[in-house]
Colleague: 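Structure below; questions to follow.
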2 protein chains.
Amino acid sequence: MDVSLLKSPLLRATSPGKREQTKVQNRQLILDAARQVFAELGYGATTVRDIIRATPLASGTFYNYFKSKEEVFQAIRDEVAIAIRPRLHEERMKAKTVEEFISCSFRTFFEYVSDDRVNFRAIRHSADSTRVRMDTPEVIAGFEELRTDIESATAKGLFPPVDADYLMAAIVGVAFELGERMLEREPQDPVAAAEFATALFMGGLRSLPYAAEMGVTKGNA
Amino acid sequence: MDVSLLKSPLLRATSPGKREQTKVQNRQLILDAARQVFAELGYGATTVRDIIRATPLASGTFYNYFKSKEEVFQAIRDEVAIAIRPRLHEERMKAKTVEEFISCSFRTFFEYVSDDRVNFRAIRHSADSTRVRMDTPEVIAGFEELRTDIESATAKGLFPPVDADYLMAAIVGVAFELGERMLEREPQDPVAAAEFATALFMGGLRSLPYAAEMGVTKGNA
DNA sequence: CCCGGTCATGACGCCTCGTCAATTTTCATT
DNA sequence: AATGAAAATTGACGAGGCGTCATGACCGGG
């Protein structure tokens, strides 16, 4: 048999083998169902059974793909982290000034959060007041990357010699908490949120954009 | 019968009735066991059964005191929130300047976190990478109080007219995330953490205390 | 056409859940 | 003290989730 024929790029592209095909498909089936169910019941209340019930598969099949509901959740989180991380890193590398570094980071993040609302809401919504955050390896790697980016920016003289670990923590804290609030507002305004955060990091309280309209919490002009 | 004798303050003080007594005692028994077990297994992995097994009580009794493991956790959280909230509020009311407002808030919070390490660790430790945060009514009320404190400080001209909601979120985000990092360092230094946060909010990045010693993450002098 | 390997299936044993009828404990009254 | 009602504790129970595994279906190569 001519191996080069069977394994030619063309054939592999059109027929990756039924085996592989259903494997990928099932995985996606489970992930989609999970997203759905998490959004509906909240992460905490969801059971593995709920997920497979939203799927044509049998209970045992679930465990061929994931070890637990946590692992599905990780996979969903990681998709996000993997999508956003290179973008953030790239923006930060391009930054010529501290301000650019900070503002690009926040803007990119908030825009992503706003676009990806569905995924983010999946976590927040839950009957009780539990809030879950998965610090998956992929997410943690994102944090670490931010820290090393800060460190190398410091080496380049962009930053003063700050405590990169604490600074990273502060950025992460503001990003997540502000992101949450942003999602509660209507209309969604990632740019404004990013401006707020940037001003805070650039010049502290006194530089914050004045609250043009009061009652931002509930009213919207 | 002389009611005033039976219900005299003295008697009530020494014997509040066995009924009441065991009720309080059992509640505490459960709370203590829960703290223990949460710290050991992590919040996510803990079951109601694990908690009562660490207690001389029967399974049914648990439900006379709490509806679920979430509610026990809430109760533990709330103890903390109730203990810390008045302190924070008081400090902020005394503040004559913005800087005092900010620095007192952070210092009080970080000192509390550091003292109360046990309670805080109970949440963080878990086999998987799940991080749980309970936004109980009591905790949310604490956030709201911070926001109204900001608003009234603004009214007094202490703050510029900022977006109090976002500012509150930023403070909360930094406090929690930095608190977490602080717990990972040795020796524990709440004052340094508070100084870092305060400098950030007062003057932004450029005011941050220089990292006197590098390698803060792992090394310690 | 057939065989070896891979994967889906769903029943199984174990465990937790929250409930509830039975029982014990407390307490006011006689 | 004796009594009876109210309150709280107990543990067994049905429902249902968990992760596993023997079974069988299905794919793909010879």
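Lettering of chains follows the sequences in order, A, B, ..., and the numbering in each one begins at 1. Small disclaimer: the values here were computed from a predicted structure and weren't measured.
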Colleague: Between dA8(C), dT10(D), dC27(D), which one does the side chain of Tyr65(A) approach most closely?
Modeller: dA8(C)
Colleague: Provide, to the nearest angstrom, the distance between the CG atom belonging to Leu41(B) and the P atom belonging to dT16(C).
Modeller: 11 Å
Colleague: Take the protein atom CG of Leu57(B) and the nucleotide atom C1' of dT25(C), then report the distance between them rounded to whole Å.
Modeller: 15 Å
Colleague: Starting at atom CD1 of Ile30(B), determine the distance to atom P of dA8(D), rounded to an integer number of angstrom.
Modeller: 13 Å
Colleague: For Ser68(B), what residues pass the side-chain hydrogen bond (donor to acceptor under 3.5 Å, both in side chains) criterion, not counting sequence neighbours?
Modeller: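 Listed in chain order: Glu70(B).
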Colleague: Using atom CD of Gln25(B) as one end and atom C1' of dT25(C) as the other, report the distance to the nearest whole Å.
Modeller: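 Rounded to whole Å, this separation is 14 Å.
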Colleague: Please, which pairs that meet ring-ring contact (aromatic ring centres under 6.0 Å, His included) have at least one residue in residues 168-189 of chain A, sequence neighbours excluded?
Modeller: Phe109(A)-Phe176(A)
Colleague: Check the orientation of Tyr43(A) and Phe38(A). Use parallel for under 30°, tilted for 30 to 60°, and perpendicular for over 60°.
Modeller: tilted
Colleague: Do nucleotides 15-20 of chain D as a string where each nucleotide becomes B, S or -: B if the base has a protein heavy atom under 4.0 Å, S if just the sugar-phosphate does, - if no protein is that close.
Modeller: --SBBB
Colleague: Please identify each residue that fulfils side-chain contact (heavy atoms from CB on, under 4.5 Å) with Ala33(B), with sequence neighbours left out.
Modeller: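 Ala33(B) satisfies side-chain contact (heavy atoms from CB on, under 4.5 Å) with Ile51(B), Ala54(B), Thr55(B) only.
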Colleague: Return each pair, listed once, that meets salt bridge (charged side-chain N to carboxylate O under 4.0 Å, His left out) where at least one residue sits in residues 58-69 of chain B; pairs must be two or more places apart or across chains.
Modeller: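 Every salt bridge (charged side-chain N to carboxylate O under 4.0 Å, His left out) pair that includes a residue of residues 58-69 of chain B, provided the two are not neighbours, is Lys67(B)-Glu71(B).
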Colleague: Please tabulate, one pair per line, all N/O donor-acceptor pairs under 3.5 Å involving side-chain atoms of residues 80-94 of chain A, not counting sequence neighbours.
Modeller:
| residue | atom | partner | partner atom | Å |
| --- | --- | --- | --- | --- |
| Arg85(A) | NH1 | Glu145(A) | OE2 | 3.2 |
| Arg85(A) | NH2 | Glu138(A) | OE2 | 2.8 |
| His89(A) | ND1 | Asp149(A) | OD1 | 3.3 |
| His89(A) | ND1 | Asp149(A) | OD2 | 3.0 |
| Arg92(A) | NE | Asp149(A) | OD2 | 2.8 |
| Arg92(A) | NH2 | Asp149(A) | OD2 | 2.9 |

Colleague: In whole angstrom, what separates Ile52(A)'s CD1 from dA11(C)'s P?
Modeller: 12 Å
Colleague: Nearest-Å distance, CG (Leu29(A)) to C1' (dC7(C))?
Modeller: 15 Å
Colleague: Applying side-chain hydrogen bond (donor to acceptor under 3.5 Å, both in side chains), can you list everything that pairs with Asp135(A), at least two apart in sequence or on another chain?
Modeller: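 Arg133(A), Arg131(B).
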Colleague: Does the ring centre of Phe196(A) sit less than 6.0 Å away from the ring centre of Phe106(A)?
Modeller: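 No, the ring centres sit 6.0 Å or more apart.
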Colleague: Does dA8(D) have its OP1 or OP2 closer than 4.0 Å to a side-chain nitrogen or oxygen of Asn26(B)?
Modeller: no
Colleague: I'd like a table of atom pairs between the protein and nucleotides 2-6 of chain C - only N or O on both sides, under 3.5 Å - with the distance next to each one.
Modeller:
| residue | atom | partner | partner atom | Å |
| --- | --- | --- | --- | --- |
| dG5(C) | N2 | Arg19(A) | NH1 | 3.2 |
| dG5(C) | N2 | Arg19(A) | NH2 | 3.2 |
| dT6(C) | O2 | Arg19(A) | NH2 | 2.6 |

Colleague: For residues 102-115 of chain B, which residue pairs qualify under salt bridge (charged side-chain N to carboxylate O under 4.0 Å, His left out), counting only residues two or more places apart or in two chains?
Modeller: none
Colleague: Respond yes when some side-chain nitrogen or oxygen of Asn64(A) is under 4.0 Å from OP1 or OP2 of dA8(C), and no when none is.
Modeller: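 So the side-chain polar atoms of Asn64(A) do come within 4.0 Å of the phosphate oxygens OP1 or OP2 of dA8(C), strictly under.
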